[in-house]
Amino acid sequence: MENVAVRAETQEGEHEATVVVTLEGSSWQVNIRADPSDWERLTSVSDTDWSRRRAVRLGSVEGSAVWWHLSDDVLHLNVGDGGPEASDLAFVVPLSALRDVRALVAAVDDDWG
């Protein structure tokens, strides 16, 4: 599985801030946007179980929901409003990306507020 670079930054919007997490492989990139408080649900991703169809809805990509879940010791990100099983786009990344996202979002949160 390829290495995935992870970045997180705060963007100020009209009404409030948004935290943007960028995951990037050698030939792709995805930007996931969520309110700072929504990123607290990252802790729930470790409790997901795809065999029981449990996923965490967290963030959006171009207005579509992002569903996070673990399966076979990798992180799956499914993008689509119909739920993880009916997603339009999916990314399978190393589990280490979840740890990186948690750490970077926490650092952004500390810097922001």
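Note that the coordinates shown come from a computational prediction; the quantities given were computed from them, not determined experimentally. Any value given below was found using the heavy atoms of this structure, including those in side chains, with hydrogens, waters and symmetry copies removed.
The shortest side-chain heavy-atom distance between L104 and V21 does not fall under the 4.5 Å cut-off. For the pair L98 and S46, the minimum side-chain heavy-atom distance is below 4.5 Å. Looking only at side-chain heavy atoms (C-beta outward), W50 and L70 stay at 4.5 Å or farther from each other.
Hydrophobic clustering of Ile, Leu, Val, Met, Phe, Trp and Tyr side chains at less than 4.5 Å, counting indirect connections, unites W68 with L89. If you chain together hydrophobic residues whose side chains sit under 4.5 Å apart, V20 and L75 never meet in one group. Under the 4.5 Å side-chain heavy-atom criterion for ILVMFWY residues, no single connected hydrophobic cluster contains both V74 and I32. Both W28 and V61 belong to a single network of hydrophobic side chains, linked directly or stepwise wherever heavy atoms of I, L, V, M, F, W or Y lie under 4.5 Å apart.
Here the straight-line distance linking atom OG1 of T22 with atom CZ of R33 works out to 7.5 Å at 0.5 Å rounding. Between the CG atom in L95 and the CG atom in D72 there is a gap of 11.5 Å [rounded to 0.5 Å]. The NE2 atom of H69 lies 11.0 Å from the OG atom of S51; values are rounded to the nearest 0.5 Å. Annotation: the span from W67 atom CH2 to H76 atom NE2 amounts to 16.0 Å, rounded to 0.5 Å. To the nearest 0.5 angstrom, Q11 atom CD is 8.0 Å from N31 atom CG.
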### Task
Give the intermediate values and the outcome of side chain to side chain contact (heavy atoms under 4.5 Å, CB included) for residues V4 and F91.
CA-CA 11 Å; V4 174; F91 298 90; over 6 Å; no

### Task
Go through the steps for V66 and V30 under the test side chain to side chain contact (heavy atoms under 4.5 Å, CB included), then give the verdict.
CA-CA 11 Å; V66 180; V30 62; over 6 Å; no

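Of all heavy-atom pairs between N78 and P84, the closest is ND2-O, 3.2 Å. Nearest heavy atom pair, residue V93 against residue M1, reads C-SD, 3.4 Å.
Under a cut-off of 6.0 angstrom, the local environment of CG in D47 is crowded, with over 12 non-hydrogen atoms contributed by other residues, nucleotides or ligands. Within a 6.0 Å sphere centred on CD of E2, heavy atoms belonging to other residues, nucleotides or ligands number more than 12. Within a 6.0 Å radius of CG in D81, more than 12 heavy atoms belonging to other residues, nucleotides or ligands are found.
A distance-only check finds no donor-acceptor pair linking the side chain of S87 to the backbone of G80 [under 3.5 Å].
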